[in-house]
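The next block holds one structure in the form of structure tokens; read it before the comments.
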Amino acid sequence: METGVFAVILAAGTSSRMGRPKQLLDWGGVPLLEAVIRKVLVHPFSEVIAVIGYRAAEIQSAIRIEDGRFRWVVNRRYSSGQSSSLLAGVRSGKGHSSMIFLGDLPLLEDGTVRRIAEEGLTRLRLGDPSEPVVVRPSFRGVPGHPVFLGNCRGIDWVRLRGDTGARELLCRVQNRTLLPVEDPGVVMDVDTPQAYESLRLLAFPSQE
């Protein structure tokens with residue numbers, strides 16, 4: 001992957017549907033967010049930023065990442081919605097393009113991440129070098145994550161509001177693609193206790 005593409009992992013929420021911080025749920029012996037961070041670090045991003053907010057000190061204390069590309073960004077405005085965390089992550093990155101991950105999607109396949117990045121970088125090379133590029137994966141018609149944001153400095157982030165992330169904003173980008181993938185991990189998030197148990201069974205069947 002070209003240098004200049006940084007990763008942002010959104011993990012600042014209060015986990016209201018889970019009832020406890022899902023960032024710290026056990027995932028094969030490590031906190032769930034740590035598992036996601038390590039999965040992202042497998043790829044050659046120039047840097048990997050995890051945006052946290054709710055119980056940030058507790059999360060930082062529980063998760064230790066020894067990789068010079070990794071750093072935390074604490075979003076004090078996390079209660080205003082996911083959009084504030086996305087904005088904090090993108091603005092703190094040092095590259096021209098980014099990939100946006102969610103901190104509760106632990107079943108992503110490495111090949112899917114590579115395919116999304118390669119598609120985004122190809123579209124950057126073939127398009128107007130100053131225009132933004134969006135590549136979002138979909139599984140059986142359902143949009144998922146991670147989302148590639150090429151030339152992300154050219155996106156009008158001032159319009160970003162609330163808890164809907166960047167959905168409406170990115171729809172304004174002309175060079176955008178919904179990329180079909182055969183990876184259910186792009187949409188399998190850990191939002192509820194039931195989802196946690198079912199996904200944990202999928203990931204670690206021998207532990208049950």
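Under the ring-ring contact (aromatic ring centres under 6.0 Å, His included) criterion, Phe6 pairs with no residue at all, not counting sequence neighbours. With sequence neighbours left out, Ser97 forms a side chain to side chain contact (heavy atoms under 4.5 Å, CB included) with Val5, Leu124, Phe148. Residues passing the side chain to side chain donor-acceptor pair (under 3.5 Å) test with Asp191 are Arg17, Lys22, sequence neighbours excluded.
Shortest non-hydrogen contact noted between Pro129 and Asn151 is O-ND2, 3.0 Å. Residue Pro180 comes nearest to Arg115 through the heavy atom pair O-NH1, 2.9 Å, listed as atom of the first residue, atom of the second, then distance. When all heavy atoms of Val187 and Leu105 are compared, the closest pair comes out as C-CD2, 4.1 Å. Gly103 and Val36 make their closest contact through O-CG2, 3.4 Å (heavy atoms, listed as atom of the first residue, atom of the second, distance). Taking each heavy atom of Gly13 and Gln23 in turn, the nearest pair found is O-NE2, 3.2 Å. The nearest pair of heavy atoms linking Ile37 to Ile63 is CD1-CG2, 4.4 Å.
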Where do Leu24 and Leu33 land on the side chain to side chain contact (heavy atoms under 4.5 Å, CB included) test, with the steps shown first?
CA-CA 7 Å; Leu24 299 178; Leu33 178 56; over 6 Å; no
With side chain to side chain contact (heavy atoms under 4.5 Å, CB included) as the test, would you mind laying out the steps for Leu107 and Leu199 before giving the verdict?
CA-CA 8 Å; Leu107 296 182; Leu199 295 186; 3.8 Å; yes
Going through the checks in order, is the side chain to side chain contact (heavy atoms under 4.5 Å, CB included) test met by Ser138 and Leu179?
CA-CA 6 Å; Ser138 69; Leu179 183 69; over 6 Å; no
Can you list the steps and then say if Arg123 with Glu119 is a salt bridge (Lys or Arg N to Asp or Glu O under 4.0 Å)?
CA-CA 6 Å; Arg123 288 181 172 273; Glu119 179 72 19; 2.9 Å; yes
Side chain to side chain contact (heavy atoms under 4.5 Å, CB included) between Asn175 and Val134: does it pass, once the steps are laid out?
CA-CA 6 Å; Asn175 191 349; Val134 174; over 6 Å; no
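A donor-acceptor contact closer than 3.5 angstrom is absent between the side chains of Arg20 and Ser15.
Leu149 is not listed as a side-chain neighbour of Val133, based on a closest heavy-atom distance of 4.5 Å or more. Contact check for Glu131 versus Gln174: no side-chain heavy atoms found under the 4.5 Å cut-off. Between Leu25 and Tyr196 the shortest side-chain heavy-atom distance falls below 4.5 Å. Between Leu10 and His145, every side-chain heavy-atom pair lies at or beyond the 4.5 Å cut-off. Val48 is not listed as a side-chain neighbour of Phe101, based on a closest heavy-atom distance of 4.5 Å or more. Two residues are said to be in side-chain contact when any heavy atoms from C-beta on lie closer than 4.5 Å; Arg153 and Val90 meet this criterion. Side-chain contact check for Leu86 versus Ser84: every heavy-atom pair is 4.5 Å or farther apart. Using a 4.5 Å cut-off on side-chain heavy atoms (C-beta onward), Arg136 and Leu170 make no contact.
In this structure, Trp27 and Phe204 have perpendicular ring planes: the angle between them is above 60°, well past the 30° mark.
Between the side chain of Ser92 and the main chain of Ala88, a donor-acceptor pair closer than 3.5 Å is present. Using modelled atom types, one side-chain atom of Asp183 and one backbone atom of Glu109 make a donor-acceptor pair closer than 3.5 Å.
In the hydrophobic clustering of ILVMFWY residues, with side-chain heavy atoms under 4.5 Å counting as a link, Val30 and Met18 come out apart. Criterion: ILVMFWY side-chain heavy atoms under 4.5 Å apart, direct or through other members. Under it, Leu178 and Phe139 are not part of a common hydrophobic cluster. Linking Ile, Leu, Val, Met, Phe, Trp and Tyr residues whenever their side-chain heavy atoms come within less than 4.5 Å leaves Tyr54 and Val74 in two separate clusters. Note on Leu102: it does not cluster hydrophobically with Val42, by side-chain heavy-atom contacts below 4.5 Å among ILVMFWY residues.
Taken to the nearest 0.5 Å, the CH2 atom of Trp72 stands 5.0 Å off from the CD1 atom of Ile52. Separating the OG atom in Ser61 from the CD atom in Glu58 is a distance of 8.0 Å, to the nearest 0.5 Å.
The cationic group of Arg76 does not satisfy the cation-pi geometry with Tyr78, failing either the under 6.0 Å distance to the six-membered ring centre or the 45° limit from the ring axis.
With respect to Arg200 and Glu197, a salt bridge is recorded, a charged nitrogen being found less than 4.0 Å from a carboxylate O.
For the salt bridge (Lys or Arg N to Asp or Glu O under 4.0 Å) with Asp67, the lone residue among Arg69, Arg71, Arg64 that qualifies is Arg69.
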